[in-house]
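Okay, structure first, notes after.
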Amino acid sequence: MSTDTRHQSARDIVAVLPDRAHDVARLQTLAEGGEPVITVVGKYNHGKSRLLNELIGQDVFAVADRRETVALADSLHRGVRWLDAPGLDADVASEDDRHALRAAWLESDIRLFVHAAKEGELDASELALLGELQDDGARTQRQTLFVLTQVDQLASDVDLESVSSAIGVQMPGVALNAVSATRHRKGLEGGKALLLEKSGIPAMRGVLEAALARVPVARRHEAVRLFDEIHEALLQVRTEQESELAKLRHAQQQQRQTFEQGLKAVIEKVSGNIGAMLAALDSDHALIPDTARDAYAITAGKLERAHIQIGYSRACIEIDSFLAGHGVTGVPQKQQTVAHALNSVMVAVMGVSVKFRKDLQRMFCEASGRERLQREFIHYYELSADRQALRESIVETESLIAGSARALAALHALKADA
Ligand SMILES: Nc1nc2c(ncn2[C@@H]2O[C@H](COP(=O)(O)OP(=O)(O)OP(=O)(O)O)[C@@H](O)[C@H]2O)c(=O)[nH]1
Ligand SMILES: [Mg+2]
């Protein structure tokens, strides 16, 4: 898998789980492989940078008798990335820097916890940090090695004994790796094998070799743990999305069914009323045109047309109030005319008015007429704002589910790589 593909995979996962960005980045790093990382943790001036230099065998990192290291610095030697870090109590510039420092400590494969022998016991902040690193180690199998530095500063082996046992009480079972950078340097420069030996650095290198050998297993363990956690979280999100989709689809069907049934009942009811009205009429006067003479007179034809008009209006009002109750009011934008009064679904389906028996009959008393009404009102129902919004929610939820599927596939791809 290329770096770009891995980046894309990580983005796909974070798009679904923004809160897990950090874990995803870590999994990505594990997938990328890369050299094991060794870092130092401890208070300032305890000899962290110098310890790394002695272990590497070169003066890579700055050493001084004051607060020296203020930012992370790394250096690649013999297949290991050595990461020098500021002291635990150094005034690190910002919250972000402190966060980066903590992440560097936590994410290094091997942490060398550095404590200068002359300081005696561990203080509360050191104990807290050591505890945190050990808890993390129990979870991730990342290792923390305790290094007691500057042991040459102690007057005697008796003093070393008493500092060691005091720390042993604070941290039961902890293996102390006692070293002296000064002795190591002098031993090297003077070619003194005994001093080199007594510096503890060669022994420390042996301990590091063994710790490095365990890194691949620890990384696999961590990758599996991260995979499992992220996988679980993704499955949970997908389950929630799927149940949301089922809920929306159910609502969509339910609403449609309720509308169809209600509409059918209303059409049947008004058809019954109109049928009864038409049946009560005798010979058809509406078809007899009014003459100029009776332009202002009340004629049988006029009465009948008015009668039919009223029956029709009642039917319209009944259907219209049912439609309004289901959010079906205006016609869709693209169907609207400049005459606002004509922009109603009623007008679109039923026309402006009906004056003749045969029209009412066709509309309400014939099955094909009623079916047309049913069909066309359903058409406008589906175009109503609420129904559209529901459809959009469904499309949106479907695309979220597709995102989760992408994230799951990306996670599997990353795991295969890790
Ligand atoms: N006597 C003696 N001095 C040491 C030893 N190791 C380091 N020092 C001295 O202690 C001082 C601090 O060493 P550094 O390695 O810079 O300490 P640090 O922990 O990296 O300090 P910060 O970067 O400020 O956090 C320097 O003057 C070193 O020379 C040692 O083993 N023996
Ligand atoms: Mg330093």
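Whatever order the structure lists them in is the order used to number ligands and atoms, beginning at 1.
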Sub-4.0 Å atoms of ligand 1 with respect to non-hydrogen atoms of Lys48: 15 (O), 17 (O), 18 (P), 19 (O), 20 (O), 21 (O), 22 (P), 25 (O)
Using distance alone, decide if ligand 1 has a nitrogen or oxygen within less than 3.5 Å of any nitrogen or oxygen in Gly47. yes
Using the six-membered ring wherever Trp is involved, compare the ring planes of Tyr381 and His326 and label them parallel, tilted or perpendicular (cut-offs 30° and 60°). perpendicular
Once you restrict to heavy atoms under 4.0 Å, what part of Gln153 touches ligand 1? Side chain, backbone, both or neither. side chain
CD on Gln28 to CD1 on Ile13, rounded to 0.5 Å: 8.5 Å
Which of the ligand 1 atoms, numbered from 1, are nearer than 4.0 Å to a heavy atom of Asp152: 1 (N), 2 (C), 30 (C), 31 (O), 32 (N)
About how many Å separate OG of Ser199 and CD of Glu197, when rounded to the nearest 0.5 Å? 8.0 Å
Basic-acidic side-chain contact under 4.0 Å: Glu107, Arg142: no
Taking both backbone and side-chain atoms of Arg50, is any N or O found less than 3.5 Å from an N or O belonging to ligand 1? yes
Once you round to the nearest 0.5 Å, how far does OG1 of Thr182 lie from NZ of Lys186? 6.5 Å
Heavy-atom contact check, 4.0 Å cutoff: does Arg183 meet ligand 1? no
Is the shortest distance from a Lys or Arg side-chain nitrogen in Asp228 or Arg225 to a carboxylate oxygen in the other one below 4.0 Å? no
Counting each atom of ligand 1 from 1 as listed, which ones have a heavy atom of Arg67 under 4.0 Å away? 24 (O)
Does Ala181 reach ligand 1 with a nitrogen or oxygen that is under 3.5 Å from one of the ligand's nitrogen or oxygen atoms? yes
Enumerated ligand 1 atoms positioned under 4.0 Å from heavy atoms of Gly87: 25 (O)
Under 4.0 Å to a heavy atom of Ala64 - the qualifying atoms of ligand 1, by number: 11 (C), 12 (C), 13 (O), 16 (O), 26 (C), 27 (O)
Less than 4.0 Å between a side-chain N and a carboxylate O, is that true for Glu68 and Arg66? yes
Enter the distance from Gln335:CD to Asn343:CG here, rounded to the nearest 0.5 Å. 8.5 Å
For atom 23 (O) of ligand 1, state which one of Thr69, Leu148, Thr149 supplies the nearest heavy atom. Thr69
Angle at the Mg ion (ligand 2): provide the value between OG of Ser49 and OG1 of Thr69, rounding to 10 degrees. 90°
Please compare Val70, Val41, Asn45 and report which has the shortest non-hydrogen distance to atom 11 (C) of ligand 1. Asn45
Separation between NZ (Lys43) and CD (Glu126), nearest 0.5 Å, reads 5.0 Å
Those atoms of ligand 1 less than 4.0 Å from some heavy atom in Arg66: 24 (O)
